[in-house]
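The block underneath contains the structure these notes are about, expressed in structure tokens.
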Amino acid sequence: MKKIIIKILLLCIFGCTSVFAQQEPQQSAWHGFVKHSFVFEGRQARIVAPQQALPGNPWVWRAYFPDWHTDMDSILLSRGFHIAYIDCGDMFGSAEAMQVWEQFYDYLIREKQFSEKPALEGVSRGGLYVYAWAKRNPGKVSCIYAEAPVLDIKSWPGGKGKGRGSDADWKKLFKAYNYTEEQAMAFADNPVNNLEVLAAYKVPVVHVVCERDSIVPLAENTAVLEKNYKKYGGNIRVDYMTEGVNDVGHHFTIKDPEQYADFIFNHTIPLKQTLSNEKFVHSYGSLNNTFYQVEEKKELTVAFLGGSITQNPGWKDKTAKYLQEVYPQTKFHFIYAGIASLGSVPHAFRLQTDVLSKGKVDLLFVEAAVNDLANQTPVAQQQKAMEGIIRHALTANPYMNIVLMAFADEDKIRDYENGKTPAEVALHDQMAKYYQLSFLNLAHEVQQRIAKKEFTWEADFKDLHPSPFGQEIYFQAIKALLKKAGEEYKEEGLVPVKLPAARYKAAYDNGRYVSVDKATALKDFSLNANWHPLDKGGTRQGFVHVPVLESGKAGASFGFSFTGTAAGIAIVAGPDAGMIKYSVDGKAAKTIDLYTQWSGGLHLPWYLVLADGLPKRKHILKVQIIAQKNKDSKGNACRIVHFLVNE
């Protein structure tokens, strides 16, 4: 209700019908073209229009000093480009400034039908803005032209190197960034930093500089960015100006501005149309509870549950940063529960320990489709696990919002190319529909974008563990989901979910870890309180330097008593993994090989459901190592990190 009242008041104050621009544009002449000046979200903005716009409305986005060195802009206007600008003075490319840019971009794209990929033009301190925007939105930039650009706040306005700096602006920057001086000095996301994704998106860059610049020294700014950008394969050209140089070298004459107009024109035209995220973002239910927590309670706990694609740096870190920047008044708590090699079955049994025990979770991201395929998880177990995760989470907190995600691998791409929906993706989609959750079909998005020749798997995405380029694809889909959900947020308070009947019998909806010290009747098994491999085999987070019930001797055995509908073991399956036989409640024994295709050089976390679909009562599991072993194994080891029980 508060947001509605505020919007009504704004309409009354400014007397307009648009929530974007609060006044009718004022027209004036600008170098032979028409400038439309208006107020956008309380800030002065302008659009200079060409006499005849090119199809698709290409445009240049000036970051600062819109009336400085206008020859190139005039040339582009004569060729059919628009020139846009919004005043974010004294914001120094901060996160808050980027939110203004985000809103302005949406306005120009939606309301003015401008092209999706502007060219960015950054003069002097404007460099802070264009790179801050480009690194957050690399797919929305055709090219970057920068003139004597500031690329490190320590250099300017800090003056902590060879440059003169500006004490007054340095203090203004503290306010814009909400930083102390110590925090500003430690800032690690200057334009010169973190250029991997921009380079991966092949954004071409031209800098026009003067070697004598003592305000923005070349060695602390463009030279550093040039080196870093080239290190990641980025396309950058630096041109040195020598005419019309002032005393401090920061102002100079631009030689042949037409060549820079050509640079922008040639990297913008023809306009490249990309697929919309919305086709692959399925909102079967709202995220209203999430945005109620954000907008009203000013507190949100977000959990990321997944395998190595979640554990590795990338989409989850970008998502966390995005939420913090868009909602700076909200206190966020992030639970990072990504562990390499794990899919839906491990998630179902570790959910309580690794996520729910950390506190009330408001928003849960879950990914399992890639590892479910790689681990050859039986379909029935996938069904019970995916439904179990959802039901367990929503039982723990019926106000929780859940986002399911299906990431890409080559097999899924091949399925889509052959007109088939991958089974793991279909299950995620089915569960999202049934429980009215959000679902991101990223596997289909990647396949479709490759089919449209936006990029290639080999050169750009590279692997099921995505390159920085691929991680950005994933993040931008999440961003699209969050933006859309935020815009659709209805201020109706928290609404609890009403769980429908389970689709699958005996779903793992109350999965738990049980300590290995609960084993009984130990014969040649012992508890190693701090297990780690003695060979050079790799390990996984959470499965090394932990208590392990272990034995490497054929004939070793133990018992385990539990109450529930399913039980199993979480093991480390290394180069010497053996084979076991097991029985439940004295029934016929079964044999299983603990050695996996990855065990040769890795002590792999491996989850085995040994008893399933049981009546909910007390049961006894008996396990024994047998002499037989895999031909590739070096031993008979059985190392158990957790017992698994669905209570």
Side-chain angles (χ1 to χ4, degrees), residues 306-312 338-350 367-383 385-386 406-415 422-425 427 443 457-458 461-466 531-544 546 548 550-552 554 568-582 590-610 612 623 625-642 644:
S308 54
I309 302 172
T310 296
Q311 178 183 331
N312 295 339
I339 298 180
S341 305
L342 304 190
S344 61
V345 171
H347 298 343
F349 288 98
R350 71 188 186 94
E367 60 99 350
V370 168
N371 280 337
D372 276 355
L373 175 66
N375 296 344
Q376 299 179 342
T377 306
V379 172
Q381 289 188 13
Q382 287 186 48
Q383 293 168 342
M386 286 305 302
F407 289 156
D409 55 50
E410 290 179 283
D411 291 284
K412 291 179 176 56
I413 289 173
R414 195 175 302 113
D415 279 347
E424 300 81 18
V425 176
L427 176 61
W457 180 270
E458 295 78 11
F461 209 87
K462 296 186 178 180
D463 188 31
L464 59 84
H465 295 109
W531 178 83
H532 59 278
L534 300 179
D535 58 22
K536 296 182 179 180
T539 59
R540 295 296 196 220
Q541 173 185 310
F543 289 81
V544 63
V546 294
V548 166
E550 67 175 344
S551 177
I569 53 177
I571 65 170
V572 281
D576 59 349
M579 297 178 70
I580 61 171
K581 68 176 182 179
Y582 64 93
K590 297 180 180 179
T591 300
I592 191 166
D593 190 353
L594 306 184
Y595 191 91
T596 76
Q597 61 179 307
W598 302 281
S599 294
L602 173 65
H603 292 272
L604 182 77
W606 201 244
Y607 286 61
L608 299 168
V609 177
L610 303 179
D612 205 351
V623 173
I625 298 175
I626 62 175
Q628 181 184 356
K629 65 184 181 67
N630 190 289
K631 63 181 178 61
D632 295 321
S633 177
K634 298 177 180 178
N636 299 97
C638 175
R639 299 186 180 94
I640 303 172
V641 183
H642 304 288
L644 314 174

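- A donor-acceptor distance shorter than 3.5 angstrom exists from the side chain of Asp372 to the backbone of Ser344, with no hydrogens or angles considered.
- Under 3.5 Å, the side chains of Thr377 and Gln382 contain no donor-acceptor pair of N or O atoms.
- Side-chain contact between Gln311 and Arg540 is absent, with no heavy-atom pair separated by less than 4.5 Å.
- Using a 4.5 Å cut-off on side-chain heavy atoms (C-beta onward), Ile640 and Glu550 make no contact.
- Here Leu464 contributes atom CG and Trp457 contributes atom CH2; the two are 6.0 Å apart, rounded to the nearest 0.5 Å.
- Taking CG of Leu644 as the reference point, atom CG of Leu608 lies at 8.5 Å (rounded to 0.5 Å).
- Ile571 is not listed as a side-chain neighbour of Val641, based on a closest heavy-atom distance of 4.5 Å or more.
- Ser551 and Ile625 get closest at one heavy-atom pair: O-CD1, 3.5 Å.
- In terms of heavy-atom proximity, Ala637 sits nearest to Leu594 at O-CD1, 3.8 Å.
- Listed here is the closest heavy atom pair of Val425 and Ala443: CG2-CB, 4.3 Å.
- Asn312 is not listed as a side-chain neighbour of Thr310, based on a closest heavy-atom distance of 4.5 Å or more.
- Considering only heavy atoms from C-beta on, Arg350 comes within 4.5 Å of Leu342 through its side chain.
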How far apart are the C-alpha atoms of Asp576 and Arg639, what are their side-chain angles, what is the distance that settles it, and do they pass the salt bridge (Lys or Arg N to Asp or Glu O under 4.0 Å) test?
CA-CA 10 Å; Asp576 59 349; Arg639 299 186 180 94; 2.9 Å; yes
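- When atom types are taken as modelled, the side chain of Ser633 and the backbone of Ala577 share a donor-acceptor pair closer than 3.5 angstrom.
- Rounded to the nearest 0.5 Å, atoms CG (Asn630) and CG (Asp593) are 4.5 Å apart.
- Across Phe543 and Trp531, no two heavy atoms sit closer than the pair O-CZ3, 3.3 Å.
- Trp598 and Trp606 have tilted rings, their planes meeting at an angle from 30° to 60° on a 0 to 90° scale.
- You'll find the side chain of Val609 reaches within 4.5 Å of the side chain of Gln381, heavy atoms only.
- Judged by distance alone, with hydrogens and angles left aside, the side-chain atoms of His347 form a donor-acceptor pair with the main-chain N or O of Glu367 at under 3.5 Å.
- Between the NZ atom in Lys581 and the CG atom in Leu610 there is a gap of 14.5 Å [rounded to 0.5 Å].
- Closest heavy-atom contact between Lys462 and Glu458: CG-O, 3.5 Å.
- Under the 4.5 Å side-chain criterion, counting only non-hydrogen atoms from C-beta, Leu427 is in contact with Gln383.
- The backbone N or O of Pro575 lies less than 3.5 Å from no partner atom in the side chain of Ser599, so there is not a single donor-acceptor pair.
- Within the 4.5 Å cutoff, the side chain of Leu373 has heavy atoms near those of the Lys412 side chain.
- Between the side chains of Ser308 and His465, at least one donor N or O lies within less than 3.5 Å of an accepting N or O.
- With salt bridges taken as basic N to acidic carboxylate O contacts below 4.0 Å, none links Arg414 and Asp409.
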Is there a side chain to side chain contact (heavy atoms under 4.5 Å, CB included) between Thr591 and Met579? Walk through the geometry before answering.
CA-CA 7 Å; Thr591 300; Met579 297 178 70; 3.7 Å; yes
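- Note that the CG atom of Leu604 and the CD atom of Gln597 stand 9.5 Å from one another [nearest 0.5 Å].
- The NZ atom of Lys590 sits 12.5 Å away from the CD1 atom of Ile580 when rounded to the nearest 0.5 Å.
- Among all heavy-atom pairs drawn from Pro466 and Ile309, the shortest one is CD-CG2, 3.9 Å.
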